[in-house]
Amino acid sequence: MFKKTPLIPVCAAVAVWAILAFHCQDLLLRTGERSLFLTTSMFFHDHMQSAGGLLSYICCFLSQFLSRPAVGAAIAVLLWAAASILAMRILHRSGEWSVLALIPFAALVAASMDMGYLIYIVKLEGWFFVPAVGIIAALLALRSYRCLSSFAARIIYILLWTAIGYPLLGAYALIGTAAMAASSAERDVRSLTCLIVALIALIASPLIWSGFYTTGRTADAFLAAIPLFPDKSVYRMYRIPYIVLAAYTVAAAAPIRIPALKKPVQISVQAGIALASFLFAYGFWYRDANFRAELQMASAIDSNDWKQVTRIYVGTTRKFQKSDAKAISKRDALLLSASGSRREDILDEYSHKIYAPTRLMVLYRNLALLKLGTAGSTAFRYKDGSRLPDSPEIIASAVQGGERIYLNYGLPNCCYHWCIEDGVEFGWNAEALKYAVRATLLTEDWGVADKYLSLLEKSPMHRSWAASQRRYMHDAGLIAESPEYS
């Protein structure tokens, strides 16, 4: 049923690409816009100031392609499939068990697609591609280690890989070292020596290197190049894909033979693994109608398509009309027979079952109506609401879209303020730089605008946009006539 072929991860990759490219393009676009890659030596050196710097630098380069969702999705699924195929070729000695390659594929999908609103506050640059590139590097290192037959060469390789790999790849170098240790778990003296050396290097390297870095805490040294989440129970689920990915790589590298099973049992187990992998990826894939609507509305605002903003709002609210009608009917029936505190409990329970848009959706809608000149006559026709984002942390509307809202309400100084806040707190990104350009052009701060345009001109994916804005420099009249700034 499952032969030694990359067909399984390839089919999974094609299916996931179709979903990403045609259903999640606004998420990919926003993720790409909230990253930055510059072709300058300073940008490279800044990344190398922390463990895993080279990995982050490479993934920042890849993240810029998410601004072209179909291209970014193709790169992502190719990397996920490549990691799965490498795992199949390197870790699984029996081709009949190539279905196990779906486990890292599912973990990689989950790690990249479960963030939701956290894309606005995650501080690891290039985070979307980091797990895939990191685990590919770890698997290739394990492959190289296994090709060495000399005992001395293996010892030297372990030490060099861990010592050099950690500052470049962070925790993924440690995963590679742990996989080498697991691969050496034999009973002979030389294998045990390799195992002990690998474990010592695994522990010592992060502790030694942490003394050379001024960014990050020593306590987080073993998690370099992995998104750091607050130590709260609500964030535990975000760590699970990374734990699964690391545990799978290390466990599969161990010299454990899968017992022979009868054909019907083997097929059932394989089908169970495939189903569990699918459910794992599906369960972690963040699916929230309001979040998706906010992303789509933001893209429409950036394109000055104000009618599309209202269409997205109406389309999202109408999806829940039937379910809301049923929930309201049940709620009203229960309220008729309830009294006192029970009525309050019912109202509270059903407030979460009846759809309501988020505050940011309403802000975007009102902005669009104002731009269309129909705010006074049609605003009352739309469903209102102020639902909190479905996120472990309350992400303020200003963090998600402050620059966009303030600029279009004619407050460029406030827009620029939030650009600075965004860049300082969460790292400079293309979106913040673009809105900083727009704000400073409107306030005729030509020198400041030139500074940000010069930065964007060093970004391969955004230099064309920067060139299009150059024509507004020192020409307030042209800005006033431009539909983009109306």
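One is the number of the first residue; the rest follow in order along the sequence.
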Can you tell if the side chain of L118 reaches within under 4.5 Å of the side chain of F229, non-hydrogen atoms only? yes

Using atom types as modelled and distance alone, determine if a side-chain donor or acceptor of R471 lies under 3.5 Å from a backbone N or O of S468. yes

Counting N and O atoms only, with roles assigned by atom type, does the side chain of S482 sit under 3.5 Å from a partner on the main chain of L478, one being a donor and the other an acceptor? no

Side chains of Y452 and T440: do they bring a donor and an acceptor to under 3.5 Å? no

Among side-chain atoms of Q64 and S35, is any donor-acceptor pair under 3.5 angstrom? no

Tell me whether the centres of the aromatic rings in F284 and Y238 are closer together than 6.0 Å. no

Pair D324 + R331: basic N to acidic O under 4.0 Å: no

Quick check on salt bridge (charged side-chain N to carboxylate O under 4.0 Å, His left out): which of K451, R463, R470 does E457 satisfy it with? R470

Aromatic plane relationship, Y282 with F278 - under 30° parallel, 30 to 60° tilted, over 60° perpendicular: parallel

Got a second to check how far I164's CD1 is from L169's CG, nearest 0.5 Å? 11.0 Å

Show which side-chain atoms of residues 357-364 pair as donor or acceptor with protein atoms under 3.5 Å away, not counting sequence neighbours.
| unit_1 | atom_1 | unit_2 | atom_2 | d |
| --- | --- | --- | --- | --- |
| T358 | OG1 | E294 | OE2 | 2.4 |
| T358 | OG1 | M361 | N | 3.3 |
| Y364 | OH | R404 | NH1 | 3.1 |

Roughly how far, to the nearest 0.5 Å, is the CG atom of L372 from the OG atom of S377? 10.0 Å

From NZ (K371) to CG (L369), nearest 0.5 Å: 12.5 Å

Report yes or no: does Y166 contribute a side-chain atom to a donor-acceptor pair with the main-chain N or O of A221 at less than 3.5 Å? yes

S84 side chain to P104 backbone, donor-acceptor under 3.5 Å: no

Donor-acceptor pair, side chain of S112 and main chain of V109, under 3.5 angstrom: no

Distance col, row S210:OG vs F212:CZ, nearest 0.5 angstrom, shows 9.5 Å

For R311 and Q308, which I'm curious about, is there any donor-acceptor pair between the side chains at under 3.5 Å? yes

Would you say that more than 12 heavy atoms from the other residues, nucleotides or ligands in this model lie under 6.0 Å from the OH of Y406, or not? no

If you count heavy atoms of other groups shown closer than 6.0 angstrom to CZ of F380, is the number above 12? yes

What distance do Y313 atom OH and Y382 atom OH have between them, rounded to the nearest 0.5 Å? 9.5 Å

Look at the side chain of T310 and the backbone N and O of K307, then say whether any donor-acceptor pair between them is shorter than 3.5 Å. yes

Side chain proximity check, E393 to Y235, heavy atoms < 4.5 angstrom: yes

Check whether Q400 reaches the backbone of I395 with its side chain - one donor and one acceptor, N or O, closer than 3.5 Å. yes

Evaluate the side-chain proximity of L228 to L124: yes if any heavy-atom separation is below 4.5 Å, no if none is. no

So, the side chain of N429 versus the backbone of G427: is there a donor-acceptor pair under 3.5 Å, distance only? yes

Any donor-acceptor N/O pair, S205 side chain to T162 backbone, under 3.5 Å: yes

I'd like to check N366 versus Y409 (side-chain heavy atoms, cut-off strictly below 4.5 Å). Are they in contact? yes

So do Y242 and L223 actually touch side chain to side chain, heavy atoms under 4.5 Å? no

For S67 and E33, run side chain to side chain contact (heavy atoms under 4.5 Å, CB included): C-alpha distance rounded to whole Å, both residues' side-chain angles, the deciding distance at 0.1 Å, then the answer. CA-CA 6 Å; S67 297; E33 289 291 301; 3.2 Å; yes

Minimum heavy-atom separation for A110 and F280, please, with both atom names. CB-CE2, 3.8 Å

Y435 side chain reached by R438 side chain, heavy atoms, under 4.5 Å: yes

Go through it in stages, so that I can follow the logic: the residues are Y172 and V130, the test is side chain to side chain contact (heavy atoms under 4.5 Å, CB included), and I'd like the CA-CA distance, side-chain angles, deciding distance and then a yes or no. CA-CA 9 Å; Y172 295 93; V130 163; 3.6 Å; yes

With heavy-atom distances below 4.5 Å as the criterion, would you say the side chains of F43 and K458 are in contact? no

Side chain to side chain contact (heavy atoms under 4.5 Å, CB included), that's the test. Do M48 and L168 meet it? Break it down for me. CA-CA 8 Å; M48 299 307 292; L168 301 178; 3.6 Å; yes

For the residue pair F105 and W80, categorise the inter-ring angle as parallel (less than 30°), tilted (30 to 60°) or perpendicular (more than 60°). perpendicular

Side chains of I312 and R365, heavy atoms from C-beta outward: is any pair under 4.5 Å? no

Pairwise distance OG1(T316) to CZ(R318) - rounded to 0.5 angstrom: 11.0 Å

Counting only pairs under 3.5 Å, give me each side-chain donor-acceptor contact of residues 11-30, with atom names and distances, residues two or more places apart or in other chains.
| unit_1 | atom_1 | unit_2 | atom_2 | d |
| --- | --- | --- | --- | --- |
| W17 | NE1 | A70 | O | 3.2 |
| H23 | ND1 | R292 | NH2 | 3.3 |
| Q25 | OE1 | H23 | N | 3.3 |
| D26 | OD1 | S299 | OG | 3.1 |
| R30 | NH1 | E431 | OE2 | 2.6 |
| R30 | NH2 | S299 | OG | 3.4 |
| R30 | NH2 | D302 | OD2 | 3.4 |

Contact summary for F128 and A76, nearest pair of heavy atoms: CE2-CB, 3.8 Å

Could you check whether Y120 and F426 have their ring centres less than 6.0 Å apart? no

Just by distance, do the side chain of N290 and the backbone of L388 share a donor-acceptor pair under 3.5 Å? no

Using side chain to side chain contact (heavy atoms under 4.5 Å, CB included), reason through L455 and W428 one step at a time and then give a plain yes or no. CA-CA 11 Å; L455 284 173; W428 281 101; over 6 Å; no

